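Notes follow once the structure below has been shown.
Bear in mind that the values here come from a model prediction, so they are computed numbers and not experimental data. Chain letters run A, B, ... following the sequence lines, proteins first, then strands; residues in each count from 1.
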Amino acid sequence: MPELPEVETICSCLRDDITGETIKEVWIKKGSRLLRDTVGPRALKKALTGRKIKALFRRGKYIIMDLEGGGALIIHLGMTGAVYLVDKSDKSPEHTHLRFELPGKSLLLVDPRTFGKVVFCKAGEERANVVLSRLAPDPFDESFTKEALLDRLRGRTLPLKAALLDQQLAVSGLGNIYVDECCFRAGIRPTRYAGSLDAEEAGRLHRAIREVLEEAIRCKGTTIRDYRWAENSSGEFLEKLKVYGKEGQQCSCGRTIEKTRVRDRSTHFCPGCQK
DNA sequence: AGTAGGACCTGGTGGC
DNA sequence: TGCCACCAGGTCCTAC
């Protein structure tokens, strides 16, 4: 499940290989659900063919491919999406939705469960994109401070877990796995009301979010089920998880990790370490 | 406006 | 062995 560290890893792996390259040809899966929120396949093909890739970067969990001369392709990988390069001679695997022919290589977007999506923004409309303009600060953005975090959570009556999963509320880029890990590192129960955090706790949470994500990026993400950061490679953060998927196991403090549900999402915490 | 909960989707898994 | 219910969760939609 691609969250911020996985998306960051994908971008940094692909960046050098595709920046400056021209999209020679575009193939789109017939009736692809990933295009449900953007222009039709014919228009998309026309908009991309012959264009040079100017930059590839990330905002929250979104991948943004800037095109030379304006315009951008915004990609969200949902739960099971993957973007990677293959040889030109390689066949597209099952569930390939998009294939760009680049000089010497092919760029694939593969997504079995089609929770992901692709949106094309015309020149000058990139900043106006509805999704991106509403996104909460990126955890590594200067504007993401402990004061801003406290401020955004203040007065909220929803569970902290739900607040951190909301990409528009306090911080963007966190998903189910990293929210649990960040709350554990901060020593705060994810079931608490978001507005109940004091300044000291918000400071701990702020630091935990940056530390956990930095470490996960160094590990090239977490591999659980279908996520791969590139073809035939997997992240190593799985081994560093402290609570996610560890229910019934012993925490280093001696207590047993518990699993509960918050807003219908599996939620893991240590009753000893997290108040 | 804030909050809650269901829908979407399909591969993998475990029970029978 | 085969079948099937169930689970995973990011985001969007609707209801209150």
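- Scanning all heavy atoms of the two residues, the minimum distance from A/Val171 to A/Ala136 falls at N-CB, 3.5 Å.
- Listed by chain and number, the residues in a side chain to side chain donor-acceptor pair (under 3.5 Å) with A/Ser196 are A/Arg192 (sequence neighbours excluded).
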Identify each donor-acceptor pair in which a side-chain atom of residues 251-266 of chain A lies under 3.5 Å from a protein atom, sequence neighbours left out, and give them as a table.
| residue | atom | partner | partner atom | Å |
| --- | --- | --- | --- | --- |
| A/Arg261 | NH2 | A/Asp264 | O | 2.9 |
| A/Ser266 | OG | A/Asn176 | ND2 | 3.3 |

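- Listed by chain and residue number, A/Lys117 satisfy the side chain to side chain donor-acceptor pair (under 3.5 Å) test with A/Asp37 (two or more places apart in sequence, or in another chain).
- When rounded to the nearest whole Å, the span between CG of A/Leu34 and P of B/dC8 equals 17 Å.
- Under the rule for a ring-ring contact (aromatic ring centres under 6.0 Å, His included), A/Phe100 has no partner lying at least two apart in sequence or in another chain.
- One interatomic measurement links the two molecules: CG of A/Leu169 to C1' of B/dA4, which rounds to 14 Å at whole-angstrom precision.
- The residues A/Lys161 and A/Asp180 are annotated as salt-bridged, a charged nitrogen and a carboxylate oxygen being separated by less than 4.0 angstrom.
- Taking only side-chain nitrogens and oxygens, A/His95 never comes nearer than 4.0 Å to OP1 or OP2 of B/dC9.
- Backbone-only contact: A/Arg261 has heavy atoms under 4.0 Å from sugar-phosphate atoms and none from a base.
- Residues A/Tyr178 and A/Phe237 place their aromatic rings such that the two centres sit under 6.0 Å apart.
- Rounded to whole angstrom, the span from the CG atom of A/Asp180 across to the P atom of C/dA8 amounts to 12 Å.
- Put simply, CZ on A/Arg263 is 11 Å from P on B/dG6, counting in whole angstrom units.
- Comparing A/Tyr193 and A/Glu94, the nucleotide of DNA chain B nearest to each residue sits closer to the 5' end for A/Tyr193.
- Between A/Lys61 and A/Glu3 there is no salt bridge, since none of the side-chain N atoms of the basic residue sits less than 4.0 Å from a carboxylate O of the acidic one.
- Distance CZ (A/Arg113) to P (B/dT10): 10 Å, rounded to an integer number of Å.
- A/Lys24 and A/Glu101 are not joined by a salt bridge, as no carboxylate oxygen comes within less than 4.0 angstrom of a charged side-chain nitrogen.
- The stretch residues 147-160 of chain A has no heavy atom under 4.0 Å from DNA chain C, so no residue of it qualifies as close.
- Dashed line: the shortest gap from a side-chain N or O of A/Lys259 to OP1 or OP2 of C/dA8 is under 4.0 Å.
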Restricting to nitrogen or oxygen on both sides, can you table the protein-nucleotides 10-12 of chain C pairs closer than 3.5 Å?
| residue | atom | partner | partner atom | Å |
| --- | --- | --- | --- | --- |
| C/dG10 | OP1 | A/Asn176 | N | 3.4 |
| C/dG10 | OP2 | A/Asn176 | N | 3.0 |
| C/dG10 | O3' | A/His76 | NE2 | 3.2 |
| C/dG10 | N7 | A/Arg265 | NH2 | 2.7 |
| C/dG10 | O6 | A/Arg265 | NH2 | 2.9 |
| C/dT11 | OP1 | A/His76 | NE2 | 2.3 |
| C/dT11 | OP2 | A/Lys61 | NZ | 3.4 |
| C/dT11 | O4 | A/Arg265 | NH2 | 3.1 |
| C/dC12 | OP1 | A/Lys117 | NZ | 3.2 |

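- Summarising the geometry, the separation between CZ on A/Arg33 and P on B/dC9 is reported as 4 Å, rounded to the nearest angstrom.
- Among the atoms of the strands shown, none is found under 4.0 Å from any heavy atom of A/Lys161.
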